[in-house]
Visitor: 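Below: one structure in structure tokens.
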Amino acid sequence: MNKIAVALIDGYQQYISPRKGFSCAHRILYDDESCSQYIKRMFIEQDFSRAIQAARQRFKACKEANQILKLQAVSLEKKSKKKQGSKLINCCGDVAEESCECALPDCNCNDCDFPELDCGSCELDCSPDFDCCGS
């Protein structure tokens, strides 16, 4: 099973990934290996069920990295607007627009790291409106 998974990931990396037009958010944020490379390594180094578990954890971490990158882009956009008028940037950066989730369901309202968010109350949807994400 692991050899088949590795072969499928190889095919994805060779034929699909170069043509999709965006990069892995986890790789961009942490300057580390992409999710496909990490998961491929897990299938090589671990048994099938542990590799699947590692893949789920990595995809969750990648989603969180995507949210962080979007917040950073929004912060840069706000700073840019203050300095240069209303010049807009793509809040999704090198991250797939399809993966732009315009809400942060896991917002930690007790300890907000991003001043752009109103995390004063957990009753609030502590996420900005990412209207440039195409939703």
Visitor: Roughly how far, to the nearest 0.5 Å, is the CZ atom of Arg56 from the CD1 atom of Ile39?
Guide: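 The distance works out to 11.0 Å.
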Visitor: Could you give the distance from CD1 (Ile9) to OH (Tyr38), rounded to the nearest 0.5 Å?
Guide: 11.5 Å
Visitor: Quick check: closest heavy atoms across Cys24 and Cys62, and the distance to 0.1 Å?
Guide: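 Looking at all heavy atoms of both residues, the closest pair is SG-SG, 3.8 Å.
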Visitor: Measure across Ile28 and Ser23 and return the closest heavy-atom pair with its distance rounded to 0.1 Å.
Guide: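 Heavy-atom minimum between the residues: CD1-CB, 3.6 Å.
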Visitor: CZ/Arg19 to CD/Gln14 distance, rounded to the nearest 0.5 angstrom?
Guide: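 The CD atom of Gln14 is 8.5 Å from CZ of Arg19, to the nearest 0.5 Å.
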Visitor: Return the CD to CZ distance between Glu33 and Arg58, rounded to the nearest 0.5 Å.
Guide: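 It comes to 6.0 Å.
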Visitor: When rounded to the nearest 0.5 angstrom, what distance separates NZ in Lys70 from CD in Glu77?
Guide: 13.5 Å
Visitor: Following the transitive rule for hydrophobic clusters with a side-chain heavy-atom cut-off under 4.5 Å over Ile, Leu, Val, Met, Phe, Trp and Tyr, establish whether Phe43 and Leu8 coincide in one cluster.
Guide: no
Visitor: Can you name the closest pair of heavy atoms from Gln46 and Asn2 and give their distance?
Guide: O-ND2, 2.7 Å
Visitor: Please report the closest heavy-atom contact between Met42 and Ala54, naming both atoms and the distance.
Guide: CG-CB, 3.7 Å
Visitor: Could you grab the distance from atom CG of Asn66 to atom CG of Leu71, nearest 0.5 Å is fine?
Guide: 10.0 Å
Visitor: Apply the test side-chain contact (heavy atoms from CB on, under 4.5 Å) to residues Tyr12 and Lys20: give CA-CA distance (whole Å), side-chain angles for both, the deciding distance (0.1 Å), then the verdict.
Guide: CA-CA 10 Å; Tyr12 165 79; Lys20 66 183 182 186; 2.7 Å; yes
Visitor: List the atom of Ala25, the atom of Leu69, and the distance in Å for their closest heavy-atom pair.
Guide: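 Closest approach of Ala25 to Leu69: O-CD1, 3.6 Å.
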Visitor: Just to verify, which of Arg27, Gln13, Arg41 counts as forming a side chain to side chain contact (heavy atoms under 4.5 Å, CB included) with Ser36?
Guide: Gln13
Visitor: Under the side-chain contact (heavy atoms from CB on, under 4.5 Å) criterion, do Ile68 and Tyr30 qualify, and how do the steps go?
Guide: CA-CA 11 Å; Ile68 292 168; Tyr30 298 110; 4.3 Å; yes
